[in-house]
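So you know, we letter chains A, B, ... as the sequences are listed, proteins then strands, and number each from 1.
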Amino acid sequence: MSSTTVPAAKSREAWSGQAGFIFAAIGSAVGLGNIWRFPGVAYENGGGAFVLPYLIAMLTAGLPILFVDYALGNRYRGGPPTVFRRIRKKLEWLGWFQTAICFVIILYYAVIIAWAASFAYFSLDLRWGEDTTKFFTQDFLHLTAKPGVTVDFVGPIVWVLIGVWALTLFILASGVQKGLERSNIIFIPLLVILFGALVVRGLFLPGAIDGLNAFFTPNWAALAEPKVWLAAYAHIFFSLSIAFGIMITYSSYLKRRDNLTGPGLVVGFANSSFEILAGIGVFSTLGFMAQQQGVQIADLEGIKGVGLSFMTFPSIVSQMPGGQVFGVLFFTSLVLAGLTSLISLLQVVSASFQDKFGWTPRKAAIIVGSVSAIFSVLIFARTEGLHTLDTVDKWVNEVGIVGSAIIMLAVLLALKMLPVLRDHLNAHSSFKVGPIWLGLVGVVVPLVLLSMFVLEVLNVLRNPYSGYPVWFNALFGWGSIGLMAILVAIFTAAKWRTSPDVFKPEPALPNERIHAVSQHGGAHSAPTQEES
Amino acid sequence: MTTSAIFLMIAALAFLWGGLAISIVHLNKYTASHAAARATEDAVAGDLGQD
């Protein structure tokens with residue numbers, strides 16, 4: 001790379017203050033999974049007893065890795081490719097891998113938001129009728145009976161999806177303060193108010209107590225099962241949006257001397273507080289449904305994921321007095337939770353391209369957003385979109401994200417970067433981290449992640465996921481991972497239009513070796529303290 | 001509801017919402033107590049968040 005052909009990096013955008021960052025980080029963490037995944041996972045893994053491994057996982061894995069992300073982004077100041085390149089030039093690919101994960105998730109996440117927006121509208125006249133499963137799969141999605149590859153698009157979904165993308169692009173193009181920050185400051189309180197109203201209504205439904213009983217009654221024997229603990233660690237890991245670039249990118253917009261761990265604690269506790277609230281809301285409502293049908297909660301089907309939201313909940317809405325309002329509250333909550341997470345995912349991709357090619361936020365938003373929107377429609381607005389979405393989601397989360405986290409922690413361990421990140425966190429933060437944090441992120445979390453990764457890869461190799469044909473899982477599951485590898489290779493090889501190597505991390509810390517800090521743009525490895 | 005279910009619900013809510021409240025109060029106190037020193041540092045360093 002020649003220093004004479006690349007301009008110095010432009011001034012980086014910044015949050016207007018601590019509150020803006022906290023709202024945006026909560027917006028990213030609180031997503032669809034908080035509402036539709038946590039209650040079902042908890043119920044299937046010991047009910048009330050799951051609370052214990054869940055809280056332990058939050059304290060021993062969720063918050064510690066969140067702090068790693070914050071330290072990386074704030075110290076090396078960029079999107080993931082910039083951050084990892086500044087640590088070692090050869091690590092740029094890891095940043096692009098995290099960016100590619102976000103890109104693939106974006107493609108199907110937007111579609112779910114489009115479904116939720118459609119169902120918020122359908123709630124007004126309870127359009128799904130009596131058979132909500134038939135309405136969702138046949139009348140709405142026009143879902144093919146068997147997984148396949150079709151070119152049949154579902155018109156109404158395409159149009160709503162385009163609307164979701166238009167809104168997302170507008171927010172992203174408005175920049176960090178006027179777009180990300182302002183939208184989250186509006187959306188997050190609105191989400192809490194709407195979902196809070198839904199929970200209160202749910203608690204007063206007949207049968208709600210039975211639902212809460214089912215959700216919180218502990219099965220202590222479950223605590224002896226390793227799979228329950230792995231489920232808790234896996235859930236908190238996906239829930240907090242950690243180790244795939246989002247929090248790295250968001251913390252890069254903080255000022256160099258900003259408090260990192262204090263806001264991190266607020267974000268972590270806010271995310272889990274919302275999850276418990278969601279569990280109470282969802283299960284009190286399921287209790288009502290069970291009572292109406294004269295069955296036990298255990299006999300209900302579709303208690304998490306797409307089934308819970310688009311088949312079970314519409315059925316409940318139809319049965320309750322004033323169900324229209326309840327439906328609008330529920331699906332609007334899904335839209336808001338999804339939208340704030342979608343924006344954060346897209347910001348990672350946008351920031352990576354801004355950093356590498358010197359694009360303005362508006363240019364990056366338009367190009368990245370338009371390309372994402374086109375692929376989103378082409379892949380997931382088709383008649384077998386649900387099958388594709390299900391498969392891609394499984395592989396990207398459990399192979400892509402977990403793999404990315406393992407590699408990231410292994411690299412930080414191998415390069416002895418954890419003490420540097422600890423010192424960076426402690427330089428200006430209100431909550432100091434020490435040997436316990438080092439032990440957790442250096443030993444406990446990598447071992448847990450490695451167990452999760454091996455078990456999951458063995459599982460998908462031995463058992464066709466969700467009963468889909470092997471070729472389908474290979475095409476859309478392993479194919480997603482292959483697509484990410486190709487994107488990583490292309491963008492790592494692309495020429496930088498800015499000078500990421502003209503950089504010196506602050507504060508200067510002893511024993512830190514990073515790639516290239518020459519003020520002339522030359523790439524070499526040298527100890528930071530020698531430069532200063 | 002069973003006693004254990006009630007206990008676990010209250011314990012989880014108290015831990016999480018209590019933890020959230022404490023972390024917000026702690027953050028506000030820290031921010032307020034460091035505001036003056038921080039303003040001076042920023043003025044000297046000209047730190048506006050850029051590289």
Completion exercise
Separation between CH2 (B:W17) and CD1 (A:I276), nearest 0.5 Å, reads 10.5 Å

Problem - Contact listing (chain A partner; residues 27-36 of chain B; heavy atom under 4.5 Å) - result: B:L27, B:Y30, B:T31

Fill in the blank from the handout: If one checks every heavy atom of B:F7 against chain A at 4.5 Å, the contacting part turns out to be neither

Exercise for the section: With a 4.5 angstrom heavy-atom cut-off, could you sort out which part of A:I209 is near chain B: side chain, backbone, both or neither? Expected result: both

Completion exercise
In terms of heavy-atom pairs under 4.5 Å with chain B, the winner among A:N74, A:L55, A:L277 is A:L55

Completion exercise
Whatever's closer than 4.5 Å to a heavy atom in chain B on A:L52 counts as neither

Completion exercise
Rounded to the nearest 0.5 angstrom, the CG-OG distance for A:N213 and B:S4 is 8.0 Å

Exercise for the section: Tell me, for A:A49 versus chain B, whether the close heavy atoms (under 4.5 Å) come from the side chain, the backbone, both or neither. Expected result: backbone

Problem - Close approach to chain B in residues 261-268 of chain A, criterion heavy atom under 4.5 Å - result: A:G262, A:P263, A:L265, A:V266

Problem - A:Q18 versus chain B, the contacting section by heavy-atom distance below 4.5 Å - result: side chain

Exercise for the section: Looking only at non-hydrogen atoms, find the nearest pair between A:F216 and B:L8 and report the distance. Expected result: O-CD1, 3.5 Å

Problem - chain B contact via A:S429 - which portion, at a heavy-atom distance below 4.5 Å - result: backbone

Fill in the blank from the handout: d(A:F269 CZ, B:I24 CD1) to nearest 0.5 Å is 11.0 Å

Practice task
Flag the pair B:I6 / A:L212 as yes when at least one side-chain heavy-atom distance between them is below 4.5 Å, and no otherwise.
Solution key: no

